[in-house]
Asks: 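Below you will find the structure I want to go over with you.
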Amino acid sequence: MEALRIKIIYVLLVAMSGISINGQFKTVEDSLDYELNYKKYYECKYEPGYVLIIQKKGKLIDPAKSWKPAKDGFTIRMEAIYDLEFSDGKRFRSGVIKNITKDSLTISSTMNENCAKYEGIKYEFFTYSLKDIKIARFINDRSLGIFSRKKINEDYEVFALKLNKAKLCPAVLTFPKRNNEVKVCHYYLTDQGYDILFETNGFLDYMQYPVSWQ
C-alpha cells in the first residue's frame with residue numbers, strides 16, 4: 001500500500017496524554033474551535049466510562065500501558081475497532097465498540113454505513129454479555145491476511161474497569177493527496193498495536209504510520 005503523507009486537523013487526547021503518530025501530525029486539542037470543528041465529523045468525548053480487560057488468570061493488565069496484545073492479555077476500548085467472535089458464532093472483523101458496561105458490550109456490524117453497503121450487510125448494533133467473547137484476532141501481515149488468534153477460554157478473566165477517560169476517540173485527518181479529503185479514522189488493534197483504519201467508498205484501508213501514546 002502506498003504510504004500517504006497526511007496532516008492532522010483534529011485529534012483528541014487519549015487517557016492522560018496525547019497521541020503521536022510517528023511525529024507526522026500536529027495535535028490541536030487546545031484550539032478554541034477544536035470541539036466545534038471535531039463535531040462536524042464525529043461525536044466523541046473523553047469522559048468517565050468502562051474499558052474491558054481480558055487477562056490471563058493470575059496476571060495483571062494495566063490499561064494505561066496496554067496498547068497492544070500481549071501474552072498476558074489486552075484491553076478493549078470504546079470507539080476503537082477489534083476483530084471479535086462471540087458465542088453465537090458471529091464474527092465482527094471491523095466492528096466499532098460503541099459501549100461497554102459493567103457486564104456487557106455493544107459492537108457495530110462494521111465501521112460505518114458506507115462499509116455496510118460495500119459489504120452487503122446491514123449497519124446495526126449487537127449487545128453481548130462479556131462472557132460471550134470467545135475469540136479475538138489480531139492481523140500481523142496485511143498483505144497475506146495472516147492473523148494471530150487468541151481464544152478467550154477458562155484461562156482468562158474478562159471484566160470491565162471504570163476509568164476517568166475511557167474512549168479511544170477517532171482521529172479526524174485531512175489527506176492532501178486526495179484533494180484535502182477529510183476522513184474519520186478509527187484505531188484498530190493489530191498484533192503490533194493500534195493502526196489507523198479509514199474508509200473510502202466503503203473500502204477499509206490502513207494508515208502505515210505507527211501510533212504511539214506518550
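This chain uses plain numbering: 1 for the first residue, then up along the sequence.
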Asks: Take a 6.0 Å sphere around CG of Asn153 and say whether it holds more than 12 heavy atoms from other residues, nucleotides or ligands.
Replies: yes
Asks: Under 3.5 Å, side chain of Ser108 to main-chain N/O of Thr110, donor-acceptor pair present?
Replies: yes
Asks: Closest heavy-atom contact between Lys68 and Leu189?
Replies: CA-CD1, 3.9 Å
Asks: To the nearest 0.5 angstrom, please state how far the CD atom of Glu154 sits from the NZ atom of Lys57.
Replies: 7.0 Å
Asks: Do Tyr194 and Tyr188 make the cut of ring centroids closer than 6.0 angstrom?
Replies: no
Asks: Nearest heavy-atom pair of Glu199 and Lys183: which atoms, and what distance?
Replies: O-NZ, 2.9 Å
Asks: Using a 3.5 Å distance criterion without hydrogens, assess whether the side chain of Tyr46 forms a donor-acceptor pair with backbone atoms of Cys169.
Replies: yes
Asks: Any chance the side chains of Asn99 and Tyr50 put a donor and an acceptor closer than 3.5 Å?
Replies: no
Asks: Can a donor-acceptor pair be found between the side chains of Glu124 and Ser109 at a distance below 3.5 Å?
Replies: no
Asks: For Tyr123 and Asn114, run side chain to side chain donor-acceptor pair (under 3.5 Å): C-alpha distance rounded to whole Å, both residues' side-chain angles, the deciding distance at 0.1 Å, then the answer.
Replies: CA-CA 9 Å; Tyr123 182 65; Asn114 287 339; over 6 Å; no
Asks: Is there side-chain contact between Ile152 and Lys150, with heavy atoms separated by less than 4.5 Å?
Replies: yes
Asks: Taking all atoms of both residues into account, what is the closest heavy-atom pair of Val96 and Met111, and its distance?
Replies: CG2-O, 3.8 Å
Asks: For the pair Arg77 (side chain) and Pro63 (backbone), establish whether a donor and an acceptor sit closer than 3.5 Å, ignoring hydrogens and angles.
Replies: yes
Asks: Just wondering, are more than 12 heavy atoms of other shown residues or ligands nearer than 6.0 Å to CG in Asp62?
Replies: yes
Asks: Is it true that atom NZ of Lys98 has more than 12 heavy atoms of other residues, nucleotides or ligands lying nearer than 6.0 Å?
Replies: yes
Asks: Drop me the distance from Asp72's CG to Tyr156's OH, to the nearest 0.5 angstrom.
Replies: 8.5 Å
Asks: Can you find a pair of side-chain heavy atoms, one from Lys71 and one from Lys56, that are under 4.5 Å apart?
Replies: no
Asks: How close do Cys185 and Leu173 get, counting heavy atoms only, and between which atoms?
Replies: SG-CD1, 3.7 Å
Asks: Scan side-chain atoms only and decide if Thr127 and Ser104 contain a donor-acceptor pair under the 3.5 Å cut-off.
Replies: no
Asks: Using atom types as modelled and distance alone, determine if a side-chain donor or acceptor of Thr190 lies under 3.5 Å from a backbone N or O of Gly193.
Replies: yes
Asks: Between Ser148 (side chain only) and Phe138 (backbone N and O only), is there a donor and an acceptor less than 3.5 Å apart?
Replies: yes
Asks: Step by step, work out the ring pair (Phe, Tyr, Trp, His ring centres under 6.0 Å) result for Phe198 and Tyr206.
Replies: CA-CA 6 Å; Phe198 64 95; Tyr206 300 86; 8.7 Å; no
Asks: Verify the neighbour count for atom CD of Glu181: are there more than 12 heavy atoms of other residues, nucleotides or ligands below 6.0 Å?
Replies: yes
Asks: Taking all non-hydrogen atoms of both residues into account, name the closest pair between Ile54 and Ile61 and its distance.
Replies: O-CG1, 4.3 Å
Asks: Will you find, in the side chains of Tyr42 and Glu79, an N or O donor that is under 3.5 Å from an N or O acceptor?
Replies: yes
Asks: Do the side-chain N and O atoms of Asp103 and Thr101 include a donor-acceptor pair separated by under 3.5 angstrom?
Replies: yes
